[in-house]
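All remarks here apply to the structure that follows.
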Amino acid sequence: MVELALPKNSRVQKGQHHPAPAGAKKVKTFKVYRYDPEGTENPRWDTYDVDVEACGPMVLDALIYIKNTMDPTLAFRRSCREGVCGSCAMNIGGRNTLACTHGWEEVPGQTCTISPLPHMPVIKDLVPDMTLFYAQYASIEPWLHTKTPEPQGEWLQTPA
Ligand code: FES
């Protein structure tokens, strides 16, 4: 008989709760996936009550606020902060999207759930391992191919 077992990191546990600072007027809860594959613990959902009047309008602003003022151990990627590089891609409120262009007010309800992109191994928290993605990307060679010999310098465009 075949014996099946779920991988050890498949059960996400309840995590820590980080309350809003005293005097916070407008609070939204961010439920964030936390996981360190190098550790011994299963993944967990940590919740952060963020004073959203103290941070910017995007989910990335809330994550930066959390990292700077509530929990410096939270890991996520970001770079351009304007929807160009794609490094802040994650799952927000059940949608795969960019944290820097997705407003926390777009997520209905009191709680905004944030997890890493699905179907990718996690390096830490919201940071997925992109190794396979880049290997697949290179395998399809998504650039212009030519039949003429390569020039010594750059490819010059003809006026025509
Ligand atoms: Fe570059 Fe969000 S930080 S797309």
Side-chain angles (χ1 to χ4, degrees), residues 1-20 26-52 54-146:
M1 177 189 276
V2 177
E3 196 169 311
L4 300 172
L6 292 170
K8 84 173 177 71
N9 63 356
S10 62
R11 188 180 300 260
V12 185
Q13 300 171 329
K14 191 173 179 203
Q16 300 165 12
H17 176 69
H18 302 259
K26 185 174 179 185
V27 173
K28 189 167 179 88
T29 301
F30 290 84
K31 182 179 171 186
V32 183
Y33 180 93
R34 305 297 311 274
Y35 182 48
D36 180 1
E38 294 180 359
T40 57
E41 297 177 5
N42 273 24
R44 65 179 196 270
W45 290 110
D46 280 1
T47 51
Y48 303 88
D49 293 339
V50 172
D51 179 4
V52 286
C55 74
M58 300 301 168
V59 171
L60 182 61
D61 295 319
L63 289 172
I64 291 170
Y65 177 88
I66 291 169
K67 188 168 179 75
N68 289 346
T69 66
M70 303 175 86
D71 184 358
T73 66
L74 177 62
F76 56 90
R77 282 197 186 106
R78 57 120 175 95
S79 183
C80 70
R81 217 171 170 180
E82 57 184 3
V84 174
C85 70
S87 62
C88 68
M90 56 187 73
N91 188 287
I92 298 168
R95 285 183 54 201
N96 296 335
T97 185
L98 299 173
C100 67
T101 59
H102 198 86
W104 44 259
E105 280 188 316
E106 294 177 54
V107 181
Q110 171 59 26
T111 301
C112 174
T113 302
I114 306 173
S115 54
L117 288 174
H119 314 302
M120 300 177 82
V122 170
I123 294 175
K124 188 170 187 290
D125 300 338
L126 302 174
V127 179
D129 184 351
M130 303 292 287
T131 306
L132 184 58
F133 168 86
Y134 286 121
Q136 291 172 328
Y137 191 74
S139 74
I140 62 170
E141 300 185 357
W143 52 81
L144 295 175
H145 295 250
T146 181

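Predicted model, so just to flag it, every value in this text is computed and none were measured. Numbering starts at 1 and runs along the sequence shown. Values below: all heavy atoms of this structure, side chains included; hydrogens, waters and symmetry mates excluded.
Here T40 pairs with nothing under the side chain to side chain contact (heavy atoms under 4.5 Å, CB included) rule; sequence neighbours left out. Qualifying salt bridge (charged side-chain N to carboxylate O under 4.0 Å, His left out) partners for R34, counting only residues two or more places apart in sequence or in other chains: D46, D71, D125. For V12, the side chain to side chain contact (heavy atoms under 4.5 Å, CB included) partners are Y33, P43, W45, not counting sequence neighbours. Partners of T47 by side chain to side chain donor-acceptor pair (under 3.5 Å), not counting sequence neighbours, listed by chain and number: H17. Scanning for salt bridge (charged side-chain N to carboxylate O under 4.0 Å, His left out) contacts around E106 gives an empty result, with sequence neighbours left out. Residues passing the salt bridge (charged side-chain N to carboxylate O under 4.0 Å, His left out) test with K26 are E105, sequence neighbours excluded. With sequence neighbours left out, the ring-ring contact (aromatic ring centres under 6.0 Å, His included) criterion links Y65 to no other residue. Every ring-ring contact (aromatic ring centres under 6.0 Å, His included) that Y48 has, sequence neighbours left out, goes to H18.
Remark: side-chain polar atoms of K31 are not paired, donor with acceptor, to backbone N or O of C112 under 3.5 angstrom.
What you find for N42 and Y35 is that their closest heavy atoms are C-CD1, 4.1 Å. M90 approaches L63 most closely through the heavy-atom pair SD-CD1, 3.7 Å.
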Validation: residues 130-143 side-chain donor-acceptor distances under 3.5 Å, sequence neighbours left out:
residue : atom : partner : partner atom : Å
T131    : OG1  : D129    : OD1          : 2.6
S139    : OG   : Q136    : O            : 2.7
E141    : OE1  : H145    : NE2          : 3.4

Counting only pairs under 3.5 Å, give me each side-chain donor-acceptor contact of residues 77-86, with atom names and distances, residues two or more places apart or in other chains.
residue : atom : partner : partner atom : Å
R77     : NH1  : P128    : O            : 3.0
R77     : NH2  : P128    : O            : 3.3
R81     : NH2  : D61     : OD1          : 2.7

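Enclosure of atom CD in Q110 by more than 12 non-hydrogen atoms of other residues, nucleotides or ligands within 6.0 angstrom is indicated.
Inter-residue side-chain proximity for W104 and I92 is flagged as unmet; no heavy-atom pair is nearer than 4.5 Å.
Listed by first and then second residue, the side-chain hydrogen bond (donor to acceptor under 3.5 Å, both in side chains) pairs involving residues 89-98 are N91-N96 (not counting sequence neighbours). Applying the salt bridge (Lys or Arg N to Asp or Glu O under 4.0 Å) definition to pairs two or more places apart or across chains, none involves residues 109-123.
Atom OG1 of T73 sits about 7.5 Å away from atom CD of Q16, to the nearest 0.5 Å. For the atom pair CG (L98) and CG (L60), the distance works out to 10.0 Å, reported to the nearest 0.5 Å.
No option in D49, T113, T111 other than D49 meets the side-chain hydrogen bond (donor to acceptor under 3.5 Å, both in side chains) test with T29.
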